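Nothing here was measured: the structure is a model prediction, and the numbers come from that model. Count residues from 1 along the sequence. First listed ligand is number 1; within each ligand, the first listed atom is number 1.
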Amino acid sequence: TSDVKTITITGAAGQIGYATAFRAAAGAIYGANTRVRLNLLEIPEAAQAAAGVAMELTDSAFPLLSEVNTFDDPNTAFEGASVGLLIGARPRTKGMERADLLAANGQIFGPQGAAINDHAADDIRVVVVGNPANTNALIAAKHAPDVPAERFTALMRLDHNRGLGQLATKTGSAVNDIEKFAVWGNHSASQFPDLAHTLIGGTPALELVSEDWYRETFIPTVANRGAEIIQIRGGSSVASAASSALDHMRDWINGTGERWVSMGVPSDGSYGVPEGLICGFPVTCTNGEYTIVPDLDMSPFACDRLDVSVNELREEREAVRDAGLIS
Ligand code: NAI
């Protein structure tokens with residue numbers, strides 16, 4: 001029925017998929033008044049594991065979960081979907097060049113984009129989590145010509161949340177007291193976590209922390225946090241990635257008010273970022289639409305940092321063009 005929203009999760013038997021599905025079933029995206037249907041997409045080799053996840057979802061008796069289904073075909077998995085959480089991707093294996101990685105992911109995100117184009121609901125919103133997330137989102141969008149390109153986004157929210165966590169810890173403040181923080185660029189080590197506009201309890205963050213800490217500690221810590229988690233936890237970021245993907249979707253749909261969040265969205269040319277590249281920007285969300293925060297002053301340092309990351313995005317786009325994955 002129309003009052004049930006369909007959420008399609010790809011890579012649903014993987015680590016992040018497993019952590020995401022239960023909170024999505026508990027209402028983390030739409031809230032406590034909307035029933036949801038979960039469509040779990042996996043590759044055939046993991047279909048049985050996905051069926052096991054579905055059994056556990058049933059066993060959790062979530063009041064908001066109207067049904068859960070498993071699929072190994074994106075065309076059926078995206079039927080009627082309002083939300084696509086594109087988590088499953090081809091991981092980089094030893095000795096794999098970046099071009100091979102992009103090509104392997106093109107084989108996944110091209111068909112999923114086409115399936116979304118042909119089968120998803122009119123209000124479909126997509127966040128790509130699977131890496132390289134920004135460029136995978138671009139590939140999916142290019143295969144969905146009938147869906148507005150702005151419905152395809154990439155996850156920068158984990159980087160954003162990591163930055164909030166670092167800043168709150170350093171200054172002894174609550175994350176809720178931090179405003180106007182953003183992560184620009186690619187979801188990669190080249191990203192630019194930007195404190196130039198940030199306020200903590202109304203005071204500029206750069207009056208509370210030193211420029212040196214900002215540049216030499218904060219930026220590299222946030223940008224390399226994924227690698228640090230692997231080293232310390234003995235496994236990649238999973239629950240934090242799931243939590244951030246749900247934050248991204250919840251805020252996009254339900255709005256942020258004046259609060260900034262970071263999302264990887266197709267550039268409209270803002271801040272000199274070439275149009276169409278899916279790039280991290282500060283955004284606010286209202287009525288189910290995001291707006292890139294306009295007219296920010298960018299220092300030469302900020303421009304340089306953004307340039308480096310945007311150049312990487314541009315190279316990734318060239319690589320998938322050369323591989324014939326997009327036109
Ligand atoms: P995982 O390997 O545990 O799970 C991935 C799952 O995707 C596997 O079950 C696999 O069978 C499935 N899969 C592969 N191809 C598929 C396809 N064509 N259709 C449906 N399912 C498919 O990996 P994990 O830890 O869950 O991570 C998933 C992705 O998220 C990785 O690419 C990882 O790099 C990325 N990631 C992104 C973050 C971000 O902030 N954007 C943060 C952390 C991870």
Side-chain angles (χ1 to χ4, degrees), residues 8-22 39-54 70-78 81 84-93 96 98 101-116 126-137 139-140 143 153-163 165 183 185-191 193 222-230 233-249 261-265 278-280 313:
T8 301
I9 302 178
T10 78
Q15 301 186 88
I16 298 173
Y18 187 67
T20 302
F22 290 82
N39 283 356
L40 310 181
L41 176 65
E42 261 294 350
I43 51 175
E45 293 87 325
Q48 191 182 323
V53 176
T70 61
F71 303 89
D72 62 14
D73 176 357
N75 290 303
T76 43
F78 284 106
L85 304 170
L86 274 49
I87 298 169
R90 174 75 155 75
R92 193 177 206 142
T93 42
M96 199 178 194
R98 196 175 60 167
L101 180 72
L102 289 165
N105 278 295
Q107 306 307 324
I108 296 174
F109 290 88
Q112 289 181 2
I116 287 166
V126 174
V127 62
V128 174
V129 177
N131 282 316
N134 301 54
T135 298
N136 287 341
I139 293 169
H143 286 78
T153 66
L155 188 68
M156 298 294 294
R157 185 62 175 268
L158 178 56
D159 310 292
H160 182 97
N161 287 345
R162 284 167 171 166
V183 182
N186 198 3
H187 168 69
S188 77
S190 76
Q191 66 181 255
V222 173
N224 299 308
R225 186 71 162 180
E228 191 187 357
I229 294 288
I230 290 175
R233 193 179 83 89
S236 60
S237 307
V238 175
S240 54
S243 191
S244 299
L246 294 162
D247 284 352
H248 174 117
M249 242 342 138
V261 293
S262 304
M263 291 173 67
V265 305
I278 299 197
C279 181
L313 286 171

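- Among all non-hydrogen protein atoms, the one lying nearest atom 5 (C) of ligand 1 is Gly14 CA, 4.1 Å.
- A donor-acceptor distance shorter than 3.5 angstrom exists from the side chain of Gln191 to the backbone of Ser188, with no hydrogens or angles considered.
- The closest donor-acceptor contact from the side chain of Thr8 to the backbone of Ala77 lies under 3.5 Å.
- Scanning the protein heavy atoms around atom 37 (C) of ligand 1, the nearest turns out to be Val129 O, 2.9 Å.
- At under 3.5 Å, a nitrogen or oxygen of Glu42, whether backbone or side chain, sits near a nitrogen or oxygen of ligand 1.
- When Gly88, Ala242, Ala47 are checked for heavy-atom proximity to atom 7 (O) of ligand 1, Gly88 turns out nearest.
- Looking from atom 3 (O) of ligand 1 to the surrounding protein, the closest heavy atom is Gln15 N, 2.9 Å.
- Although no hydrogens or angles enter the test, the distance criterion places a donor-acceptor pair under 3.5 Å between the side chain of Asn134 and the main chain of Ile278.
- Atom 16 (C) of ligand 1 has its closest protein heavy atom at Ile43 CG2, 3.4 Å.
- No hydrogens or angles considered: a donor-acceptor pair under 3.5 Å links the side chains of Thr153 and His248.
- Within ligand 1, the atoms closer than 4.0 Å to a non-hydrogen atom of Leu158 are 40 (O), 42 (C), numbered from 1 in the order shown.
- Only the backbone of Ser237 comes within contact range of ligand 1, with a heavy atom under 4.0 Å; no side-chain atom does.
- Arg162 and Ser237 form a side-chain donor-acceptor contact under 3.5 Å, judged by distance and modelled atom types alone.
- Val238 and Gln15 make their closest contact through CG1-O, 3.3 Å (heavy atoms, listed as atom of the first residue, atom of the second, distance).
- Under the 4.5 Å side-chain criterion, counting only non-hydrogen atoms from C-beta, Val127 is in contact with Leu85.
- The closest protein non-hydrogen atom to atom 27 (O) of ligand 1 is Ile16 CD1, 3.4 Å.
- Of the N or O atoms in Val238, none lie within a sub-3.5 Å distance of an N or O in ligand 1.
- Side-chain contact between Val53 and Tyr18 is present, with heavy atoms from C-beta onward closer than 4.5 Å.
- Shortest non-hydrogen contact noted between Gly106 and Pro111 is O-CD, 3.7 Å.
- With hydrogens and angles disregarded, a donor-acceptor distance shorter than 3.5 Å links the side chain of Asn136 to the backbone of Gly130.
- Listed by number with element, the atoms of ligand 1 under 4.0 angstrom from any heavy atom of Gly11 are 6 (C), 7 (O), 12 (C), 20 (C), 21 (N).
- Compare Glu45, His187, His248 by their heavy atoms: the one nearest to atom 39 (C) of ligand 1 is in His187.
- Of the protein's non-hydrogen atoms, Ala89 O, 3.9 Å is the one closest to atom 14 (C) of ligand 1.
- Here the protein heavy atom with the shortest distance to atom 28 (C) of ligand 1 is Ile87 O, 3.4 Å.
- In this structure, atom 23 (O) of ligand 1 has its sub-4.0 angstrom surroundings free of protein heavy atoms.
- For atom 18 (N) of ligand 1, the nearest protein heavy atom (residue, atom name, distance) is Ile108 CG2, 3.4 Å.
- Close approach of ligand 1 to Ala241 is summarised as follows: ligand atoms under 4.0 Å from at least one heavy atom of the residue are 42 (C), 43 (C).
- When Arg225, Gln112, Arg162 are ranked by how near their heavy atoms come to atom 19 (N) of ligand 1, first place goes to Gln112.
- The closest non-hydrogen atom to atom 32 (O) of ligand 1, taken over Val53, Leu155, Asn131, Asn105, comes from Asn131.
- A side-chain donor-acceptor contact under 3.5 Å links Thr76 to the backbone of Asp73.
- Taking 4.5 Å as the limit, some side-chain heavy atom of Phe109 sits within range of a side-chain heavy atom of Leu86.
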